[in-house]
Structures are given as structure tokens and as C-alpha cells.
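Let me begin by presenting the structure, written as C-alpha cells, before commenting on it.
The figures that follow rest on heavy atoms only: side chains count, while hydrogens, waters and symmetry mates do not. Counting starts at 1 for both ligands and their atoms, following the listed order.
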Amino acid sequence: MSLILDGKALSEKIREEIRQEIEGYLSKGFRPPTLAVILVGDDPASQVYVANKEKACHKVGIRSLSYRLPQNTTTQELLELIAQLNADEEVDGILVQLPLPSHINQQEVILSISPKKDVDGFHPENMGRLVARMEDGFIPCTPLGIDLLLNHYGIELKGKDVVIVGAGFIVGRPLSLLMLWRDATVSVCHIYTKDISEYTKRADILISATGVPKLIKSHMVKEGAVVVDVGISKVNGKILGDVDFEEVKEKAYAITPVPGGVGPMTVTALLLNTLKAYKKRIKA
Ligand code: GUN
């Protein structure tokens with residue numbers, strides 16, 4: 001039985017620290033940090049994620065401005081809202097929940113967000129800072145949350161073989177840059193990888209972000225590895241990760257549960273990024 005990397009518990013600790021820090025600013029007469037959250041359409045999973053993010057904001061004292069736009073919103077309408085939020089001195093962060101409906105130009109939307117308010121870290125300017133190892137950018141929330149979790153449990157990354165399964169824009173690609181920043185030897189597998197298990201079996205730290213339930217089986221994991229599960233799939237009403245937890249927990253040194261692992265850390269990273277944007281804006 002392996003060590004459980006408890007993202008829920010660590011999140012509670014960090015969020016309490018964030019709450020106290022914000023309380024300090026408010027007591028000095030500063031306005032509250034403010035995050036604008038935009039959700040286009042009615043994807044049920046996105047609705048849950050966005051509601052979670054807004055609830056977490058309120059609990060720590062971040063004001064959230066909620067924009068729920070209909071499915072048929074045009075790219076132009078979304079760009080106009082973002083321009084207005086970019087210009088609003090009291091808005092610190094702007095989050096556009098992805099995926100957007102397919103008729104909307106996602107790249108154009110991401111490019112339109114002011115890099116200073118890009119708390120998701122998706123703007124190429126912030127992705128570029130991640131490549132350049134510049135501390136003042138915003139790191140995408142899931143990679144940042146994973147980094148905080150591994151660091152909290154004292155899991156060394158320098159010189160380790162980190163294997164990431166999934167090369168998506170939100171997790172796999174930025175995570176590979178962050179792990180490289182931490183001096184790991186990074187491999188990224190994706191749908192064209194010939195034999196994923198050839199890579200996963202070598203991993204000191206295996207991170208799966210595919211959304212394919214129970215993709216990672218015990219035979220694909222090295223004895224004593226650290227396994228991080230980013231997947232969240234709903235199967236017959238049950239939430240499943242990418243990792244076959246029951247099997248893999250017997251072989252791994254440490255493992256994240258689903259739920260209660262990476263998910264809460266992603267939201268905590270969003271709160272941290274929003275606080276960072278706020279502090280720069282008020283020049284605290
Ligand atoms: N959809 C899935 N994960 C994320 C995220 O971290 N940020 C945004 N904006 N959308 C997402």
C-alpha cells in the first residue's frame with residue numbers, strides 16, 4: 001500500500017494561508033482580489049468545475065465575477081467582454097473555461113486576454129516565460145498544482161525520469177516544460193506513441209493526463225514509482241481517474257487519489273495565481 005498524496009489536505013492548508021494573507025490586505029484598506037470567470041455554453045462538467053472555482057474563491061476572500069454566456073455566443077462577443085475586463089482596473093484575473101464551443105476561435109480568445117490577467121497561464125507570453133524559466137509569469141494551474149503537491153511530499157525531481165502520458169495544451173505540454181525546469185528528464189507520450197508502456201515502465205514519476213479511465217495498469221508501472229493521476233472521467237455515475245488505483249497502489253511508492261488528489265490542487269493553484277496577479281496590481 002502506497003503513500004497517498006493528499007491534494008485535498010494540502011489544498012486546505014494553502015487556502016487557509018491565502019485567506020489570511022488576503023484578510024491582511026483588506027484590513028489595510030485594499031480592495032479584494034477579483035477574478036472574472038467566463039463560461040460559454042452548458043457543458044455539465046465545465047459547470048461543475050466553474051462552480052468549484054467560484055466557491056473556492058469566495059472561501060478565501062477573492063471576489064468572483066461570474067459570466068455565463070449562451071452556447072451561441074460569437075467569438076466577437078467574447079472578445080468584446082474580454083476587452084472590457086482587460087480595461088477594468090479592479091479585475092485582477094480573467095479565466096475563460098475550456099473547452100469553448102467549436103465555432104469559437106479559441107486561439108484568438110486566449111491571445112486577447114491580457115498576459116497580466118492570464119491566471120490560467122495559457123497566453124503564449126506566459127507559456128514563453130515558462131520556457132524561459134521566468135518566475136514572474138503565470139504557470140498553468142494543473143502543472144503548478146502538481147509541482148506544489150510533489151514538493152510538499154519531498155519528492156525530488158532533479159535527474160529523475162518523469163514520464164507524462166498526454167500532450168494536451170492544458171496539462172501535458174506545460175507540465176513537460178515545468179518538469180524540465182525542475183531538472184527532470186522528461187518524456188511525453190501521446191496518441192501516436194508506439195508503445196506507451198515502454199516509457200511508463202521506466203518512470204520514476206509517472207503522470208497521466210489523458211481522460212481514459214483506468215488506462216494505467218500495474219504492469220505499466222515501475223516498483224516504487226510515484227504516480228500522479230490527472231484524469232477525471234465519469235463512468236456509470238462514478239468518478240474514475242486514468243490510473244487503475246486498486247492495482248497500482250500496491251506497486252507505487254506514492255499515488256494521488258481521484259477525487260482528492262490533483263483536482264483540488266488545480267483550484268488552489270488558480271487561487272495562488274489570482275493572488276499573484278492582485279499583488280502585482282496593487283503593488284503590495
Ligand atoms: N478546462 C480544463 N482545465 C482547465 C483549466 O485549468 N482552465 C480553464 N480555463 N479551463 C480548463
**OP:** Assess the pair F30 and Y278: is the distance between their ring centroids shorter than 6.0 Å?
**Re:** no
Between D136 and the options K116, K276, R129, the salt bridge (charged side-chain N to carboxylate O under 4.0 Å, His left out) test singles out R129
Is there a donor-acceptor contact under 3.5 Å linking the side chains of R202 and T200? no
What do you reckon, does I170 have a nitrogen or oxygen under 3.5 Å from a nitrogen or oxygen of ligand 1?
no
query: Hey, does the Lys NZ or Arg CZ of K280 hover above the aromatic six-ring of F138, less than 6.0 Å from the centre and inside 45° of the axis?
result: yes
Taking only non-hydrogen atoms of K53 and a 4.0 Å limit, the atoms of ligand 1 in range are 5 (C), 7 (N), 8 (C)
Going by the 4.0 angstrom heavy-atom rule, the piece of V96 near ligand 1 is backbone
Got an N/O contact under 3.5 Å between D120 and ligand 1?
yes
Q97, any N or O under 3.5 Å of ligand 1 N or O
yes
Exercise. Quick one: sort the F122 and F169 rings into parallel, tilted or perpendicular, breaks at 30° and 60°.
Key: tilted
Discussion item. Please tell me whether Q84 and E80 have a donor and an acceptor in their side chains that are separated by less than 3.5 angstrom.
Written reply: no
Check whether any heavy atom of F122 sits under 4.0 Å from an atom of ligand 1.
-> yes
If you scan protein heavy atoms around atom 10 (N) of ligand 1, the nearest is L98 N, 3.0 Å
